[in-house]
Amino acid sequence: MILSLSKTYDPKPVESKWSRMWQDKKVFASKIDKNKKSFVIVIPPPNITGALHMGHALNNTLQDVLIRYNRMLGFEAYWVPGTDHGGIATQNVLEKMLKSRGKRKEDIGREKFLELMWNWHKECGDTILNQLQKLGCALNFSPENVRFTMDDKRAKAVFASFKNLWDKGLIYRGERMINWCPRCGTALSDIEVEYEEEKSKLWHIHYPLENGERGITIATTRPETMLGDTAVAVNPEDERYANLTGKKVRLPLVDRIIPVIADEKVEKSFGTGALKITPGHDLLDFEIGQRHNLLIETVISFEGKMTNCPPKYAGKSIQTARKEVVEDLNAGGFLEKEEHYKHSVGKCYRCMTHIEPLLSEQWFVKMKTMAEPAIQAAQKEEVKFYPETWKKPFIEWLKNIQDWCVSRQIWWGHRIPAWYCAKCSKNGLIFSENGILNRITFKHGAKPIISDNKPDKCSDCGSDELVQDPDVLDTWFSSALWPFSVFGWPEKTAELAYYYPTSVLVTGYEILYLWVARMVMSGMEYMGRIPFDYVYIHGTVRDKHGKRMSKSLGNGIDPLVMMEKYGTDAMRFSLISQAIGGKDMPFAEESIIGGRNFVNKLYNVSRFISMNLNENPKTNVQAKPELSDRWISDRFHEVMQSARKYMLEYDLPNALLTIYHFTWDEFCDWYLELAKPRLQTEEKDHVMCLILHIFSRIIKALHPFMPYVTEEIYDSLKHSIGGKEFLINETYPASDAAASDSEALRTMSSIMDIIVEIRTIRAQFEIHPSKEIDVILASKDAKALDNVKENSSYINRLAKVSNLKFTADNAKPKRAVSAISGPFNIYALTDGIIDFEKEKDRTLKTMEKLSKELAFCEEKLKNPDFINHAPEIELKRVSERKKETSGKIERLRKILEELD
RNA sequence: GGGCGGUUAGCUCAGCGGAAGAGCAUUCGCCUUACACGCGAAGGGUCAUAGGUUCAAAUCCUAUACCGCCCACCA
């Protein structure tokens with residue numbers, strides 16, 4: 001039936017058929033099986049912000065390979081699916097959608113907005129799961145199996161974690177200088193700020209003395225913040241300013257009198273050596289301000305607008321204010337210099353808006369004590385990194401960890417489970433209207449009630465006027481619990497006991513700190529052990545020029561379009577084969593073509609097999625395996641051995657490429673070609689048996705990498721070879737215990753070499769491929785000659801030789817073109833007239849090469865240092881090569897003589 | 001300012017101590033009934049530079065140059 005099928009593989013119907021089938025039959029479901037060891041991966045849950053991109057495709061393909069492979073090794077392999085609510089990022093998506101309809105979230109209110117968010121979660125979550133399914137992921141997508149970072153069970157985990165940290169005093173509320181994104185309207189943690197070089201200016205501004213005399217000149221990149229300056233600082237060692245320290249200067253435009261102070265943190269060499277101090281809007285300034293008891297003036301609001309400043313600037317944007325302040329300073333004669341200056345500017349990792357350091361009351365988690373066990377685990381390699389290079393930065397980051405700001409002033413997320421009493425002072429709160437923010441502040445000394453449900457009444461005064469903290473938790477707070485929350489923690493479930501710790505976490509390095517480090521810390525904190533044995537870190541998929549793919553650059557490649565165009569297996573092949581050493585990969589669409597061609601090759605092998613398969617093959621054919629049979633079996637054995645070794649080292653690309661090259665370059669190009677004539681003889685069933693045997697194992701070996709085409713082929717072969725319903729339930733091919741048949745390998749390779757030599761002659765002398773020629777094979781090595789003679793049909797077939805003669809006489813016949821291969825002289829006899837010049841050229845060229853080789857060997861063997869220091873095996877190798885080469889040279893010389 | 005990676009064939013990258021490899025591209029010849037998404041053959045590299053270690057270095061070490069990432073409160 002396959003006979004009638006197209007010569008090229010059509011992935012679409014195959015993929016939709018199997019992906020549906022796999023789900024319907026629950027092939028990827030996992031059950032607790034105490035007799036088996038588990039192999040577990042929890043998916044890095046994709047944010048429900050839209051469609052999956054190339055990075056997701058790579059990340060999930062790699063996981064899928066590991067899951068399928070380990071399932072085939074006999075482990076109870078379980079890949080846990082889920083999605084992440086994605087906090088700010090997801091809220092931004094919806095806000096944008098609202099905006100396109102001319103609305104803001106405040107117009108519809110928190111409750112309605114959250115309703116929309118949940119609808120979006122359903123819609124987008126389904127899209128993502130569909131895409132993962134298309135990618136072929138061995139995930140069980142039954143609704144009850146799919147986790148979400150904000151579903152009820154995960155909410156319980158989040159509360160349990162929060163409560164635990166609170167009870168231990170590791171979570172606290174405090175007023176700090178935090179990173180504020182004015183566009184998202186929320187605080188961010190330190191690692192959520194991305195720094196980017198920007199061209200700017202360094203403005204030199206003169207602050208005159210109180211009495212109007214020459215004062216001090218500061219340098220700044222943020223002139224607009226001078227409106228909030230409450231001091232000027234210089235280094236205590238700086239002699240230039242020694243006489244000014246302690247004096248007062250007049251702040252231009254504002255007319256505030258501020259002191260000149262001395263602080264060690266000021267760099268003498270930077271700018272003018274004098275630093276304007278704005279404690280309300282800069283972290284360093286804030287610290288210096290604390291040390292010197294300076295006033296804090298807030299001149300930038302949470303909306304990113306000027307406030308509490310001369311009316312002229314009030315309400316204006318930072319950019320506008322900057323421009324006007326500079327103009328006004330210039331007009332007033334205060335601006336002394338404007339230099340071009342490049343510096344790095346902090347931006348929001350979600351919207352790339354400039355970050356404002358602002359003073360704000362937020363929730364923080366103390367990290368130092370939690371980091372310690374994680375550092376230990378990494379150092380003792382309880383958790384291992386692939387590639388290892390990440391171990392050091394991982395540990396260093398943990399060592400320098402700062403407290404984590406976990407509260408976010410957005411609506412989408414886990415609401416902070418803290419309740420305040422509107423009445424009493426002990427648990428009380430103060431509401432403060434602050435622009436768009438409806439901030440809550442503790443009353444002095446008050447403590448909130450930590451509860452996941454609204455408490456009936458205040459534990460202190462009995463009032464029922466309890467208000468929940470309006471903030472939500474950082475999305476990474478729930479992600480940090482993922483490896484055990486997915487199994488029902490804090491409940492002590494059977495799943496948790498069986499599946500935790502998981503086997504490997506597959507992720508990109510960009511979320512190593514944001515996510516991986518926090519999982520390790522919380523794994524240690526709550527489970528008492530690491531959440532995964534290995535962290536397998538891959539690179540970033542970039543565009544073909546190495547640039548980051550992004551919507552704004554328009555250089556993104558959509559994996560769905562690629563799957564549609566070339567097939568999923570082809571895209572997976574391309575991604576896997578480039579995922580080398582955790583390095584970034586420039587990805588070009590053309591690179592998928594190679595994968596598509598390979599998929600097509602496999603498909604055509606299966607067609608070839610189907611075309612040659614007898615309805616009722618005689619199964620008990622007892623035929624002696626011939627050379628090519630022994631050779632291919634042996635090669636398969638070697639290939640599987642090395643593929644398994646690569647898999648053990650998480651070197652997926654090399655595992656795949658090893659099988660790929662074997663399949664294409666050896667099985668197809670040599671073995672099948674040699675098998676073809678045998679299919680016309682009574683040997684046929686026997687040969688088909690072997691072909692099926694090898695090919696079905698190739699298909700199994702490739703299945704983790706290319707699940708669809710292999711499943712399809714396997715299915716089409718099932719009536720001949722039997723086997724399980726689905727490939728994933730088969731056993732991964734082992735390297736056969738059979739002893740390596742090195743003689744078969746050697747003989748085969750010398751025959752292959754002879755064939756290549758004859759083919760080269762044919763190509764060079766333009767002998768038409770269909771024209772058969774006569775060849776004489778001469779050698780003094782009788783044994784070698786015999787070995788080849790036994791399998792001379794291989795040469796007949798693959799080099800198109802009609803008449804092959806063997807002789808011990810090395811003499812070159814007239815009208816022959818010659819070549820040398822191993823111990824053989826090859827003489828190709830052609831009817832036509834031979835271009836003797838060409839032949840001579842060719843021979844001389846070979847001679848030159850051989851002479852060089854001989855010289856090289858001789859030189860080495862003459863070198864006493866080499867003889868004394870090189871290992872035995874190397875010595876042997878070189879002297880053997882010398883012997884072989886000089887033999888060849890001698891034979892070639894005779895041939896040359898006869899040419900003249 | 002610290003740390004990490006890269007520099008190998010026209011392009012994208014493997015190799016990481018014993019005489020340079022793959023895919024794509026190029027050239028030549030083939031529709032050889034599994035596959036032109038194919039088959040056969042060929043051309044193409046003083047492995048960034050300079051030193052060093054070694055009998056032997058693309059491979060190890062040290063500098064230099066350029067490129068790229070990550071981390072860091074230099075205004």
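Throughout, a chain's letter reflects where its sequence line sits, starting with A, and its residues are numbered from 1.
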Between [N] and [M], how far apart are the two [atom1] atoms, rounded to whole Å?
| N | M | atom1 | result |
| --- | --- | --- | --- |
| B/U54 | B/C60 | C1' | 9 Å |
| B/A9 | B/G1 | P | 32 Å |
| B/A63 | B/C55 | C1' | 26 Å |
| B/A65 | B/G51 | C1' | 15 Å |
| B/G40 | B/C24 | P | 13 Å |
| B/U53 | B/C61 | P | 15 Å |
| B/G6 | B/A14 | P | 9 Å |
| B/G18 | B/C47 | P | 16 Å |

Give one of base, sugar-phosphate or nothing for [X], where a contact means two heavy atoms less than 4.0 Å apart.
| X | result |
| --- | --- |
| A/Val599 | nothing |
| A/Pro864 | nothing |
| A/Glu267 | base |
| A/Arg881 | base |

Starting at [atom1] of [X] and ending at [atom2] of [N], how long is that distance when rounded to a whole Å?
| X | N | atom1 | atom2 | answer |
| --- | --- | --- | --- | --- |
| A/Asp665 | B/A41 | CG | P | 11 Å |
| A/Ile191 | B/C73 | CD1 | C1' | 17 Å |
| A/Ile580 | B/G23 | CD1 | C1' | 11 Å |
| A/Gln764 | B/C28 | CD | C1' | 11 Å |
| A/Ile873 | B/A56 | CD1 | C1' | 16 Å |
| A/Glu338 | B/A75 | CD | C1' | 17 Å |
| A/Arg797 | B/C39 | CZ | P | 14 Å |
| A/Arg842 | B/A42 | CZ | P | 10 Å |

Name the closest nucleotide to the [X] side chain, picking from [options].
| X | options | result |
| --- | --- | --- |
| A/Val756 | B/A41, B/C71, B/C55 | B/A41 |
| A/Arg542 | B/C69, B/A14, B/A41 | B/C69 |
| A/Arg759 | B/A75, B/C55, B/G40 | B/G40 |
| A/Tyr513 | B/C71, B/C69, B/C55 | B/C71 |
| A/Val266 | B/C71, B/C73, B/A75 | B/A75 |
| A/Pro586 | B/C73, B/C13, B/C55 | B/C13 |

Closest-nucleotide 5' rank along RNA chain B - winner of A/Glu874 and A/Thr760 = A/Glu874

Let me know, please, whether A/Phe866 or A/Glu590 comes out on the 5' side of the other along RNA chain B by nearest nucleotide.
->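 Here A/Glu590 is the residue nearer the 5' end.
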
Classify every nucleotide of nucleotides 30-37 of chain B by which part a protein heavy atom approaches to under 4.0 Å, writing B for the base, S for the sugar-phosphate alone and - for neither, in 5'-to-3' order.
-> S---BB-B

Say whether A/Glu297 and A/His281, considering side chains only, have a donor N or O and an acceptor N or O under 3.5 Å apart.
-> no

Euclidean distance, A/Thr568 OG1 relative to A/Met571 CE, rounded to 0.5 Å =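 If I round to the nearest 0.5 Å, the distance is 6.0 Å.
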
Spatial distance of atom CD1 (A/Ile659) from atom OH (A/Tyr646) [nearest 0.5 Å] =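 Here the rounded value is 11.5 Å.
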
Contacts under 3.5 Å, N or O only, protein and nucleotides 1-9 of chain B:
| from | atom 1 | to | atom 2 | distance (Å) |
| --- | --- | --- | --- | --- |
| B/G3 | O3' | A/Lys392 | NZ | 3.4 |

Return the orientation label for the A/Tyr341 and A/His343 ring planes: parallel under 30°, perpendicular over 60°, tilted otherwise.
->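 Taking A/His343 first and then A/Tyr341, their aromatic rings sit tilted (interplane angle of 30° to 60°).
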
Name all residues meeting the salt bridge (charged side-chain N to carboxylate O under 4.0 Å, His left out) criterion together with A/Lys265; count only those two or more places apart in sequence or in a different chain, and write none if there are none.
->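 For A/Lys265 there are no salt bridge (charged side-chain N to carboxylate O under 4.0 Å, His left out) partners, ignoring immediate neighbours.
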
Set of salt bridge (charged side-chain N to carboxylate O under 4.0 Å, His left out) partners for A/Glu388, sequence neighbours left out |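 Partners of A/Glu388 under the salt bridge (charged side-chain N to carboxylate O under 4.0 Å, His left out) test: none.
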
Least distance between heavy atoms, A/Thr885 atom then A/Leu850 atom | CG2-O, 3.3 Å

Salt bridge (charged side-chain N to carboxylate O under 4.0 Å, His left out) between A/Lys392 and A/Glu396: does it pass, once the steps are laid out?
-> CA-CA 6 Å; A/Lys392 195 172 142 192; A/Glu396 285 306 307; over 6 Å; no

Pairing residues for A/Asp282 by the side chain to side chain contact (heavy atoms under 4.5 Å, CB included) criterion, not counting sequence neighbours | A/Leu284, A/Asp285

Just so I know, are the side chains of [X] and [Y] near enough to count as touching, which here means a heavy-atom distance under 4.5 Å?
| X | Y | answer |
| --- | --- | --- |
| A/Ile632 | A/Phe662 | yes |
| A/Tyr9 | A/Val709 | yes |
| A/Arg518 | A/Trp404 | yes |
| A/Ile218 | A/Trp203 | no |

If only side-chain N and O atoms of A/Tyr341 are considered, is one of them under 4.0 Å from the OP1 or OP2 phosphate oxygen of B/A75?
-> yes

What base-paired stems does RNA chain B take part in, with at least 3 consecutive Watson-Crick or G-U wobble pairs and both distances under 3.5 Å?
-> B:1-7 with B:65-71, B:10-13 with B:21-24, B:26-30 with B:38-42, B:48-52 with B:60-64

Salt bridge or not for A/Glu356 and A/Arg222, using N-O below 4.0 Å?
-> yes

